Amino acid sequence: MKKSNLLIGILIIGLITAIVAYKIAYKPHKTIQEQKIEYSGKASDLLPKIQIAPEKWQNNIVAIQGIITSIDKNGVMINGNTYCQFLNNKELIKTNINNTVTIKGRIIGYDDLLEELKLDQAIIYIK
Amino acid sequence: MKNIIIILFTIVTSIGSAQKYITKTGLTEFKASVEAFESVEATNNSTTAVLNTTNGQFAALIFVKAFHFKVALMEEHFNENYMDSDKFSKATFKGKIVDFNNANFNNKEQEYTISGELTIKGITKTIKTTATLSNQNNIINLKTNFSVKPQDFDIKIPGIVREKIAKEINIHLNYQLDEKK
């Protein structure tokens, strides 16, 4: 009797360990909505900070405010120097040129080919 | 006199105007999967690419952290262990489409040789491959495939996973470039 109880106990622990390991190895990506904002403010204030120390700002989640200067099928340009690629094109419906918006997104880097700051996973952010 | 001025003006403006086609959301994918093992592939749809149709010069820039893997942990390992993307945040290509002629360029797909310098992880290598280009409604489609070896760019694959990662990484580019006005 005792032996089979032990065996069942071991099997259950083994199963739980396997499930936990699987969940860790295959943990889902964190969505942009879930991610904590590391900087919140005007896009025009952020840009010079990034140009000074670009590596520091990589992968940072920011909420920036600015004026939409152009719109394309994948995102918007803010203040003529910050391109925000939308996570989902549905966000485009909420955009109009010359509107002031707050966008939450991830900084992927400063694009020196086109001389603009680039964000991805962008969403229109309403507090 | 007036005619000379008009002619000079036309010459100067046509020399000065370089026609550029760009994208900020080009698709770059790579695959390094080995059959029977978990698939190793990622997509980057934030590629910036610029094509100068006056002289065929082409440049592309990718932010390494924008490569998306299905498995979050694989993406973490890719950035932290293989690519060291905190230190080397970009991969770039600078080169040209050989014998590019805007006059012959139409909506039929044509093959061109593309050659230039590919820089990954701070290391630059010359590559040459063929690209298929076409112009449809003033949008230039550029597609190409080529392979690179991880060791060419100092990408170290640890022994434990060597069998699970292909010896050659297949890279596929598919860009739609719009005219920059």
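Below, each value reflects all heavy atoms present in this structure, side chains not excepted, and no hydrogens, waters or symmetry copies. As the structure is a computational prediction, the values presented were derived from the model and not from experiment. In what follows, chains are A, B, ... by sequence order, proteins preceding strands, each numbered from 1.
- Residue contact with chain A, scored on non-hydrogen atoms closer than 4.5 Å, is absent for B:Lys87.
- Proximity of A:Leu46 to A:Val62: side-chain heavy atoms (C-beta onward) are separated by under 4.5 Å at one or more points.
- For B:Lys164, there are no side-chain hydrogen bond (donor to acceptor under 3.5 Å, both in side chains) partners, not counting sequence neighbours.
- For A:Tyr110, the part lying near chain B is the backbone, with the side chain staying farther off; criterion is any non-hydrogen pair under 4.5 Å.
- The aromatic rings of B:Phe58 and B:Phe93 lie tilted to each other, with the angle between the two planes from 30° to 60°.
- Of the atoms belonging to A:Gln121, not a single heavy atom falls under 4.5 Å from chain B.
- Evaluated for a side-chain hydrogen bond (donor to acceptor under 3.5 Å, both in side chains) with B:Lys65, the options B:Asn44, B:Asn79, B:Asp86 yield exactly one hit, B:Asp86.
- Under 4.0 Å is where a charged nitrogen must lie from a carboxylate oxygen, and between B:Lys24 and A:Asp111 no such pair does.
- Residues A:Trp57 and A:Lys49 have side chains in contact (heavy-atom distance under 4.5 Å, counting atoms from C-beta outward).
- Below 30°, between 30° and 60°, or above 60°: for B:Phe78 and B:Phe69 the angle between ring planes is between 30° and 60°, a tilted geometry.
- Looking only at side-chain heavy atoms (C-beta outward), B:Leu173 and B:Glu29 stay at 4.5 Å or farther from each other.
- Below 4.5 Å, heavy atoms of chain A meet no heavy atom from residues 136-161 of chain B.
- Only the side chain of A:Lys118 has a heavy atom closer than 4.5 Å to any heavy atom of chain B.
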